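Reckoned from all heavy atoms, side chains included, excluding hydrogens, waters and symmetry mates. Bear in mind that the values here come from a model prediction, so they are computed numbers and not experimental data.
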Amino acid sequence: MAGWAGTALSALNPLRTLWLALAAAFLLALLLQLAPAGLLPSCALFQDLIRYGKTKLSGPRRPAVCRAFDVPKRYFSHFYVISVLWNGFLLWFLSQSLFLGVPFPDWLRALLRTLGATQFRALEMESKASQMLVGELALSTFLVLVSVWVHSLRRLFECCYISIFSNAVIHVVQYCFGLVYYVLVGLTVLSQAPMDDKNVYVLGKNLLLQARWFHILGMMMFFWSSAHQYKCHIILSNLRRNKKGVVIHCQHRIPFGDWFEYVSSANYLAELMIYVSMAVTFGFRNLTWWLVVTYVFFSQALSAFFNHTFYKSTFVSYPKHRKAFLPFLF
């Protein structure tokens, strides 16, 4: 048991350092936006890198050199294509290892070790408590990776068949980060799987026997949050359609219904809740994933702040009781 605790609570590894740095960067960017106007960075590139879509319109005037690096926002679908393919491969490797005992490929095992994957030795598995913890962690990793893949597949469907994209743009740096993001997320999840020298260490013939209450609660939260996000995207899409479902314009309107009654960026709030649900599936105690959640919180809060500012400056009749991101708070 002591060996397991020492491994699980090890110091910052490359993945934890990366997510902590990203969270800190977006926290700093958010604090700068909340600071008095005179303290805001005047650098046009900085503002261009932290804004995307319609929020670029409400920001400072963009010089021509910034517009040269524009990429259509509709390219968001590329992120989910990459995620469905990449995380589908990772899920296949994990399933093969969990259920059939097939070792990870050498390149993947080496990559996970470099990133700080949790390693377990056979001598640490002698107590029943250690065996239970390892089994729980293996099932958590499997369920969270399934959740990431399902989430990406749904978002790809929404990008292709639900969302109505205007001529809004993102910076090419944001686009490149988006392409890499879900690759990092998948590797982060897979690195949490308890491994020995060859494959994922799982005891027992039936992985589902390792199921605990937090697995059930986490998956329920995941589907609940996903359903709300899907409904929010339907609401946003219908703002640009007539009653027959035909797209009639690409202008911005005030959304109403579901969580939009409380916050301007209900879909961002649902995104945060999806990641929180995965932290629950990990049993609340996975430090690496809580750092991912922290990054998601600050990045979505920053985007929600810009959205809220846009809506308030564009629509005089915008509901005054709505908050930007967190109901009744922010």
Side-chain angles (χ1 to χ4, degrees), residues 4-35 41 45-46 49-52 79 82-83 86-87 90 108 110-120 137 140-141 144-145 147-148 151-152 171 173-195 214 218 221-222 225 265 268-306 324-326 329-330:
W4 182 89
T7 304
L9 298 178
S10 58
L12 285 179
N13 57 38
L15 273 177
R16 290 179 179 177
T17 302
L18 173 62
W19 290 114
L20 181 61
L22 286 172
F26 277 89
L27 170 60
L28 177 60
L30 177 61
L31 292 177
L32 288 173
Q33 300 308 307
L34 296 175
L45 177 60
F46 172 75
L49 286 175
I50 62 176
R51 297 172 182 265
Y52 66 88
F79 307 158
I82 295 294
S83 182
W86 171 255
N87 291 311
L90 295 186
L108 181 57
L111 178 58
L112 292 174
R113 279 201 300 264
T114 301
L115 294 175
T118 305
Q119 299 290 313
F120 292 84
L137 182 56
S140 293
T141 303
V144 171
L145 193 55
S147 299
V148 170
H151 173 65
S152 302
H171 196 279
V173 172
Q174 296 170 324
Y175 175 74
C176 292
F177 177 76
L179 293 177
V180 175
Y181 174 75
Y182 281 104
V183 174
L184 288 173
V185 168
L187 288 172
T188 301
V189 175
L190 194 59
S191 71
Q192 305 312 299
M195 294 188 298
F214 52 81
M221 287 181 60
F222 170 76
S225 303
S265 298
Y268 296 167
L269 175 59
E271 183 83 1
L272 172 65
M273 293 306 300
I274 286 171
Y275 280 82
V276 171
S277 74
M278 297 177 190
V280 174
T281 304
F282 269 126
F284 295 93
R285 58 178 177 262
N286 191 294
L287 173 60
T288 303
W289 195 255
W290 279 115
L291 291 174
V292 177
V293 173
T294 303
Y295 155 74
V296 172
F297 176 84
F298 289 125
S299 64
Q300 298 298 297
L302 178 63
S303 297
F305 171 77
F306 288 140
F325 185 48
L326 301 177
L329 297 175
F330 171 73

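- Between Asn13 atom CG and Thr288 atom OG1 the span is 5.5 Å, to the nearest 0.5 Å.
- Expressed to the nearest 0.5 Å, how far CD of Glu271 lies from CZ of Phe325 amounts to 9.0 Å.
- Between Leu90 and Asn87 the shortest side-chain heavy-atom distance falls below 4.5 Å.
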Please test Phe46 against Ile50 for side-chain contact (heavy atoms from CB on, under 4.5 Å), starting from the C-alpha separation and ending with a verdict.
CA-CA 7 Å; Phe46 172 75; Ile50 62 176; 3.7 Å; yes

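- Ring geometry for Tyr181 against Trp19 counts as perpendicular: the plane angle is over 60°, on a 0 to 90° scale with 30° as the lower cut.
- Across Leu112 and Leu187, no two heavy atoms sit closer than the pair CD2-O, 3.9 Å.
- Inter-residue side-chain proximity for Phe297 and Leu326 is flagged as met; some heavy-atom pair is nearer than 4.5 Å.
- Here OG1 of Thr141 is found 4.5 Å from CZ of Phe282. Values are rounded to the nearest 0.5 Å.
- For Ala279 against Val293, the heavy-atom pair with the smallest separation is CB-CG2, 4.2 Å.
- Ring-plane geometry between His151 and Tyr182 is classed as tilted, the angle between the planes lying from 30 to 60 degrees on a 0 to 90 degree scale.
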Worked verdict on His171 versus Phe177 for side-chain contact (heavy atoms from CB on, under 4.5 Å):
CA-CA 10 Å; His171 196 279; Phe177 177 76; over 6 Å; no

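- Contact record, Gln174 with Arg51: NE2-O, 2.9 Å, taken as the closest heavy-atom pair.
- Between Val148 and Met278, the closest side-chain pair of non-hydrogen atoms falls below 4.5 Å.
- Looking only at side-chain heavy atoms (C-beta outward), Phe298 and Leu28 stay at 4.5 Å or farther from each other.
- Using a 4.5 Å heavy-atom threshold, the side chains of Thr281 and Ser147 count as separate.
- Contact record, Ser225 with Ala270: O-CB, 3.8 Å, taken as the closest heavy-atom pair.
- Separation of the Tyr175 and Phe79 ring centroids falls under the 6.0 Å cut-off.
- Nearest heavy atom pair, residue Ser265 against residue Ala304, reads OG-CA, 3.5 Å.
- Once rounded to the nearest 0.5 Å, the distance linking CD of Gln300 with CE of Met273 reads 13.0 Å.
- Atom CG of Leu20 and atom CG of Leu27 lie 10.5 Å apart (nearest 0.5 Å).
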Residues Leu34, Phe305; criterion side-chain contact (heavy atoms from CB on, under 4.5 Å); working and verdict
CA-CA 9 Å; Leu34 296 175; Phe305 171 77; 3.6 Å; yes

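- For the residue pair Phe330 and Ala301, the shortest heavy atom distance occurs at CE2-O, 4.0 Å.
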side-chain contact (heavy atoms from CB on, under 4.5 Å) assessment of Thr294 paired with Leu22:
CA-CA 9 Å; Thr294 303; Leu22 286 172; over 6 Å; no

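- Side-chain contact between Val180 and Ile82 is absent, with no heavy-atom pair separated by less than 4.5 Å.
- Rounded to the nearest 0.5 angstrom, Arg16 CZ and Leu287 CG are separated by 4.5 Å.
- Two residues are said to be in side-chain contact when any heavy atoms from C-beta on lie closer than 4.5 Å; Trp289 and Val185 meet this criterion.
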